[in-house]
Trainee: 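Okay, here's the structure, questions in a sec.
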Amino acid sequence: MSLFCSIRKWLLQLELRYLRTCSFLDTAPRLRFFNRKITANITIIYADEWHGIRFRIDFLTPYFKLPVAVEKTQIGRETDDCLLQTASFRFFNWQTWAHIDGSIQWHGERVSTVRGNRKELITGFSYSVESIPTGIENLGVRLVEGVPGTVRVLAGEELVQYRFEPGYWMLEPGQSGYKIVPIADAELMVLIVSLSEIGSGNQRLYDSAMQHLRQWVLFKIKEKDREQTLLRLLKYVRDWGPLAMDPLFRGLTDMLQQLGLGNQEHVIYEFYADNWGVHDNWNGRLLAIKILDALATRRAHTALNSIFDFVKNRNIEAEELELIQRVIRRIPA
């Protein structure tokens with residue numbers, strides 16, 4: 001082994017040992033910065049309408065950016081048709097959280113015996129999708145389950161559970177390709193995971209997800225003015241929520257009731273108007289319509305009629321106008 005490789009291996013073991021012994025720093029807000037987590041680097045190799053998309057993920061230590069060996073089964077297993085059966089990893093449509101199937105190529109693959117058990121390890125992987133599904137705006141990458149996320153790393157001759165962050169990345173399309181946005185805010189992770197679990201329609205997850213969302217609202221955005229609290233919540237859901245998952249809106253209406261936010265229909269109407277015109281944001285308008293639909297109150301019916309009066313003589317897409325009319329017909333006057 002060369003001197004360079006020996007020094008690198010020594011630095012890796014030193015850093016992993018430090019991360020294990022200094023985890024207590026997470027309990028001290030002012031010192032938390034010094035206890036960074038195992039992370040990953042994401043690089044898009046190509047992304048276009050002819051070839052699809054291919055990106056690479058490398059697992060790294062936080063300080064020296066050294067590659068670490070993680071247990072492969074955390075990512076997933078290859079099926080007989082060479083696609084990936086996912087575990088913690090997911091490449092998904094941000095609006096629906098539907099996983100996008102693709103093929104995987106492992107990097108730094110090797111086998112090690114840990115406590116008498118055979119373990120397959122990797123330092124990263126590349127993921128390829130033949131074509132990007134049409135009609136999708138933002139894409140997402142998830143590498144860990146839940147909040148907080150963890151990853152199993154080979155440290156010496158042991159597999160050790162380490163905290164991992166960030167666990168999610170959003171891929172925003174632009175004229176020059178995708179912009180990779182890491183979700184580094186742990187509190188934002190709580191929101192994203194809670195909204196996705198509520199939107200999944202899985203009743204087993206519903207109560208805990210609602211509890212996490214309620215705690216997030218109370219500690220993150222609650223203000224003395226209840227209308228301002230609702231507006232801030234709507235903006236967060238608009239920007240980060242899976243708006244194509246219909247069960248999400250029943251959960252949001254339950255949350256509004258739990259928080260006791262009065263005059264909510266009028267606030268939602270104002271939110272729709274704010275997302276029109278100069279601040280044109282279809283996701284914001286869609287969110288307003290779907291929440292009013294889920295509320296299904298007389299005030300919701302009145303708010304939807306006000307929205308219809310607001311847009312009917314303006315330059316509005318026929319599809320959006322039809323959605324508003326359809327929801328109005330569905331709610332009793």
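The model shown is predicted, which means the values in this text are computed figures rather than measured ones.
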Trainee: Could you check Thr297 against Glu265 for side-chain hydrogen bond (donor to acceptor under 3.5 Å, both in side chains), going step by step and ending with a plain yes or no?
Mentor: CA-CA 9 Å; Thr297 61; Glu265 292 87 354; 2.9 Å; yes
Trainee: Following the transitive rule for hydrophobic clusters with a side-chain heavy-atom cut-off under 4.5 Å over Ile, Leu, Val, Met, Phe, Trp and Tyr, establish whether Phe59 and Leu159 coincide in one cluster.
Mentor: no
Trainee: Quick check: closest heavy atoms across Arg110 and Ala69, and the distance to 0.1 Å?
Mentor: NH2-CB, 3.7 Å
Trainee: Assess whether side-chain hydrogen bond (donor to acceptor under 3.5 Å, both in side chains) is satisfied between His107 and Ser126, documenting all intermediate values.
Mentor: CA-CA 8 Å; His107 302 307; Ser126 296; 2.6 Å; yes
Trainee: Go through the steps to decide whether Gln161 and Thr150 satisfy the test side-chain hydrogen bond (donor to acceptor under 3.5 Å, both in side chains), and finish with yes or no.
Mentor: CA-CA 6 Å; Gln161 198 95 341; Thr150 59; 2.8 Å; yes
Trainee: For Ala209 and Glu197, work out which heavy atoms get closest and say how close.
Mentor: CB-OE1, 3.7 Å
Trainee: Okay, side chain of Thr43, backbone of Arg56: is any donor-acceptor separation there less than 3.5 Å?
Mentor: no
Trainee: Report yes or no: does Gln74 contribute a side-chain atom to a donor-acceptor pair with the main-chain N or O of Ala87 at less than 3.5 Å?
Mentor: no
Trainee: Applying ring-ring contact (aromatic ring centres under 6.0 Å, His included), name anything that partners Trp240, two or more places apart in sequence or on another chain.
Mentor: none
Trainee: After noting the C-alpha distance and the side-chain angles of Glu120 and Thr73, does the key distance pass the side chain to side chain contact (heavy atoms under 4.5 Å, CB included) rule?
Mentor: CA-CA 8 Å; Glu120 295 182 64; Thr73 55; 5.8 Å; no
Trainee: If I compare all heavy atoms of Leu143 with all of Ser88, which pair ends up nearest, and what's the gap?
Mentor: O-OG, 2.9 Å
Trainee: Find the distance between CG (Leu121) and CD (Glu71) and round it off to the nearest 0.5 Å.
Mentor: 7.0 Å
Trainee: Are Val141 and Tyr46 linked, directly or through intermediate hydrophobic residues, by side-chain heavy-atom contacts shorter than 4.5 Å (ILVMFWY only)?
Mentor: no
Trainee: Could you give the distance from OG (Ser103) to CZ (Arg54), rounded to the nearest 0.5 Å?
Mentor: 7.0 Å
Trainee: Would one find more than 12 heavy atoms of other residues, nucleotides or ligands at under 6.0 Å from atom CD of Gln203?
Mentor: yes
Trainee: So which heavy atom on Ser196 is nearest to which on Pro242, and how close?
Mentor: CA-CG, 4.0 Å
Trainee: Partners of Phe92 by ring-ring contact (aromatic ring centres under 6.0 Å, His included), sequence neighbours excluded?
Mentor: Trp94, Trp97
Trainee: Is Tyr236 reaching over with its side chain to a backbone N or O of Leu191, donor-acceptor style, under 3.5 angstrom?
Mentor: no
Trainee: From the options Tyr178, Trp169, Phe91, Phe125, select the one residue that forms a ring pair (Phe, Tyr, Trp, His ring centres under 6.0 Å) with Phe55.
Mentor: Phe91
Trainee: For the residue pair Thr253 and Ile291, what are the closest heavy atoms and their distance?
Mentor: CG2-O, 4.0 Å
Trainee: Please list all pairs meeting side chain to side chain donor-acceptor pair (under 3.5 Å) that have one or both residues in residues 281-290, counting only residues at least two apart or in different chains.
Mentor: Asp246-Lys290, Asp280-Arg285, Arg285-Glu320
Trainee: Does the cation-pi check pass for Arg20 over Tyr18, that is, NZ or CZ under 6.0 Å from the six-membered ring centre and within 45° of its axis?
Mentor: no
Trainee: Quick one, Arg238 with Asn275, criterion side-chain hydrogen bond (donor to acceptor under 3.5 Å, both in side chains). Give me CA distance, side-chain angles, the key distance, then yes/no.
Mentor: CA-CA 10 Å; Arg238 175 195 66 192; Asn275 284 272; 2.9 Å; yes
Trainee: I'd like to check Phe308 versus Ile328 (side-chain heavy atoms, cut-off strictly below 4.5 Å). Are they in contact?
Mentor: yes
Trainee: Could you check whether the rings of Tyr272 and Trp276 sit parallel, tilted or perpendicular, using 30° and 60° as the cut-offs?
Mentor: parallel
Trainee: In terms of hydrophobic clusters joined by side-chain contacts under 4.5 Å, are Leu218 and Leu231 together?
Mentor: yes
Trainee: Provide the closest heavy-atom pair for Arg8 versus Pro67 in the form atom of the first, atom of the second, distance.
Mentor: NH2-CG, 3.0 Å
Trainee: Which class fits the ring pair Tyr127 and Phe89: parallel under 30°, tilted 30 to 60°, perpendicular over 60°?
Mentor: perpendicular
Trainee: Run the salt bridge (Lys or Arg N to Asp or Glu O under 4.0 Å) check on Asp254 and Arg250 step by step: do they pass?
Mentor: CA-CA 6 Å; Asp254 288 348; Arg250 178 179 70 85; 3.6 Å; yes
Trainee: Apply salt bridge (Lys or Arg N to Asp or Glu O under 4.0 Å) to the pair Glu165 and Arg36, showing each step before the final yes or no.
Mentor: CA-CA 8 Å; Glu165 64 181 26; Arg36 299 182 189 176; over 6 Å; no
